[in-house]
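First comes the structure, then the notes that go with it.
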Amino acid sequence: MILSNKAKQIKPSSTLAITAKANQMRSEGIDVIGFGAGEPDFDTPNHIKEAAITAINAGFTKYTPVAGTVELKTAICKKFKEDNGLEYKPNQIVVSNGAKHSLTNAFMAILNKGDEVIIPAPFWLSYPDMVALADGVPVIIKTTKETNYKVTKEQLQKALTSKTKALILNSPSNPTGMLYTKDELQMIADFAIENDILVVSDEIYEKLIYDDAQHFSIAQLGEEISKRTIVINGVSKSYAMTGWRIGYTASTEEIAKLMSNIQSHAASNPNSIAQKAAVAAIVGPQQCIGEMRTEFDKRRKYMVERINAIPNISCITPKGAFYLFIDISSTFGKSYNGKVINAASDFAAGILEEQVAVIPCEDFGFDTHIRISYAISQENIQKGLDRLEKFVKSLS
Ligand code: PMP
Ligand code: GLU
């Protein structure tokens, strides 16, 4: 039987796989520290849970409109206005089963076979597979540490072809934690407008930013770029709601309609109860975000200092999200237990023997780096970093 060739090219998500592996080891009684976490370690705030319980008790348990309830879409429009100064009407919003689903819908709605999508590396690992699933061709641009892993105008120009349809922007970035400034976004907006391409702007970590960082949406930079942008966002990270599966997009009505049509066949509406919870998250008290951010910030500072004190590894200070993107290339050629490290995956395999799980960044387009998350407890961070330090210092 010949199954789908397209499906066969899709790799499983390694972030999810590594997190699952660490959890499995833990359930077998192995004291592993998992730095893979791509989700807040905090519980969903109570007022959000209460809204869901109320929804269940009130019988809000049936199909809703495909693209989400008017109540939720209106709340999302209000959020865009207040947080980003963006004016959208409810029919420009599509609510889906997590931002992952929103992204998948977006690529299916805009790509034709062979259309190219520029993806600056390091990138969140799902983007190339999502593009490929929609018959598009990922075009990877490798950024450098010198530009804080942000794409330059020259790099964009070089990647441009007659088939370029869109580019993906992820600010704050997973895995680097970097944010594009307003000027940098203006450069990207000019490039998109000049060359008639769309921007898929993944802003899921918008609210998890530190120090003096400011988040801007590229769609804020005028009508011309706004109509070319599909903003991706959701409640997963900001409100510790990864399991609830609510993500959303803001785009032109035309694109929103296409995405909604696709979703009407693939998934219908997102979970009705989770939609009620998302309304409570978006319009309810926001101090839960501040509390989470304060804790992430403490961990971030502690980890950056410790990592940069270890010889042969280093990281830049992230300004957002909850990851450290660590350059481990100076360990290449060194060995542990007789095994030589030549790539991030070798490093990750080695440190797993010391009961620490990290994400090797080959699947993020950077085989010289690993990603570690600070969405784990301070106690585990300390323990895990002690082991990491010991491992790196033992390399010979
Ligand atoms: N975009 C980025 C950059 C992410 O890190 C994630 C986390 N999985 C997502 C999108 C998807 O989020 P969700 O859990 O809402 O699908
Ligand atoms: N976005 C998270 C991460 O990068 C969650 C895992 C996933 O969805 O792949 O780890």
Side-chain angles (χ1 to χ4, degrees), residues 10-23 34-42 44 48 68 72 76 94-107 119-131 133 149 168-180 199-209 215 217 230-249 263 267 270-271 274-275 277-278 281-282 296 318 320-325 348 357-366 369-376:
I10 304 297
K11 286 182 291 180
S13 165
S14 60
T15 45
L16 295 179
I18 289 163
T19 306
K21 165 105 187 160
N23 288 341
F35 277 117
E39 58 183 348
D41 53 318
F42 303 100
T44 304
I48 300 175
L72 177 54
I76 292 168
V94 178
V95 185
S96 304
N97 300 293
K100 240 178 203 178
H101 187 203
S102 303
L103 283 155
T104 309
N105 280 344
F107 295 122
I119 310 178
F123 46 77
W124 178 48
L125 79 171
S126 290
Y127 297 144
D129 287 297
M130 288 168 165
V131 167
L133 269 173
Y149 307 105
I168 302 180
L169 193 62
N170 175 213
S171 177
S173 153
N174 173 6
T176 70
M178 297 320 284
L179 281 87
Y180 282 80
V199 177
V200 176
S201 181
D202 182 348
E203 304 178 15
I204 190 109
Y205 293 100
E206 166 188 29
K207 291 185 189 285
L208 298 177
I209 56 177
H215 170 80
S217 172
I230 304 174
V231 179
I232 309 286
N233 211 322
V235 294
S236 297
K237 317 283 172 170
S238 309
Y239 301 99
M241 291 178 70
T242 45
W244 298 76
R245 311 310 302 134
I246 295 289
Y248 54 85
T249 55
Q263 184 165 303
N271 179 295
Q275 287 190 65
I282 293 168
F296 281 145
F322 38 65
Y323 308 107
L324 256 54
F325 187 54
V358 302
I359 307 281
C361 287
E362 278 94 342
D363 290 348
F364 289 70
F366 253 72
H369 286 58
I370 58 165
R371 187 193 80 177
I372 66 175
S373 163
Y374 44 96
I376 67 170

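Here the structure is a predicted model, which is why all the values come from computation and not from measurement. Each ligand, and each atom within it, is numbered from 1 in the order the structure gives.
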What atoms in ligand 2 come closer than 4.0 Å to a heavy atom of Leu16?
6 (C), 7 (C), 8 (O), 9 (O)
If we number the atoms of ligand 2 from 1 as shown, the ones under 4.0 Å from a heavy atom of Ser13 are 9 (O)
Can you sort out the partners of Thr15 under side chain to side chain contact (heavy atoms under 4.5 Å, CB included), two or more places apart, ordered by chain and number?
Ser13, Leu125, Ile359, Phe364, Arg371
Taking Asn170 for the side chain and Asn174 for the main chain, is one N or O donor matched with an acceptor at less than 3.5 Å?
yes
Starting from atom 9 (O) of ligand 2, find the nearest protein heavy-atom neighbour and note its residue, name and distance.
Thr15 OG1, 2.6 Å
Could you see which bit of Phe322 sits under 4.0 Å from ligand 2, with heavy atoms only: side chain, backbone, both or neither?
neither
Centre-to-centre under 6.0 Å for His369 and Tyr149, is that the case here?
yes
Location of contacts on Asn174 toward ligand 2, heavy atoms closer than 4.0 Å
side chain
I would like to know whether Ser96 and Gln263 meet side-chain hydrogen bond (donor to acceptor under 3.5 Å, both in side chains); could you show each step before the answer?
CA-CA 8 Å; Ser96 304; Gln263 184 165 303; 2.6 Å; yes
Value for CD1 (Ile370) from CG (Leu324), rounded to nearest 0.5 Å, stands at 9.0 Å
Tyr374-Phe35 aromatic ring centre distance below 6.0 Å:
no
Sequence neighbours left out, what pairs pass salt bridge (Lys or Arg N to Asp or Glu O under 4.0 Å) with at least one residue falling in residues 232-248?
none
Residues in ring pair (Phe, Tyr, Trp, His ring centres under 6.0 Å) contact with Phe322, at least two apart in sequence or another chain:
Tyr205, Phe296
I'd like to know if the side chain of Asn105 reaches the main chain of Phe107, judged simply by a donor and an acceptor atom lying under 3.5 Å from each other, with no hydrogens or angles considered.
no
With a 4.0 Å cut-off on heavy atoms, is Arg371 in contact with ligand 2?
yes
Contact residues of ligand 1 (heavy atom under 4.0 Å), by chain and number:
Gly98, Ala99, Lys100, Trp124, Tyr127, Asn170, Asn174, Asp202, Ile204, Tyr205, Ser236, Lys237, Arg245
Below 4.0 Å, non-hydrogen atoms only: which portion of Lys100 touches ligand 2? Side chain, backbone, both or neither.
side chain
Any donor-acceptor pair under 3.5 Å from Ser171 side chain to Ser173 backbone
no
Against ligand 2, does Ser126 come closer than 4.0 Å with any heavy atom?
no
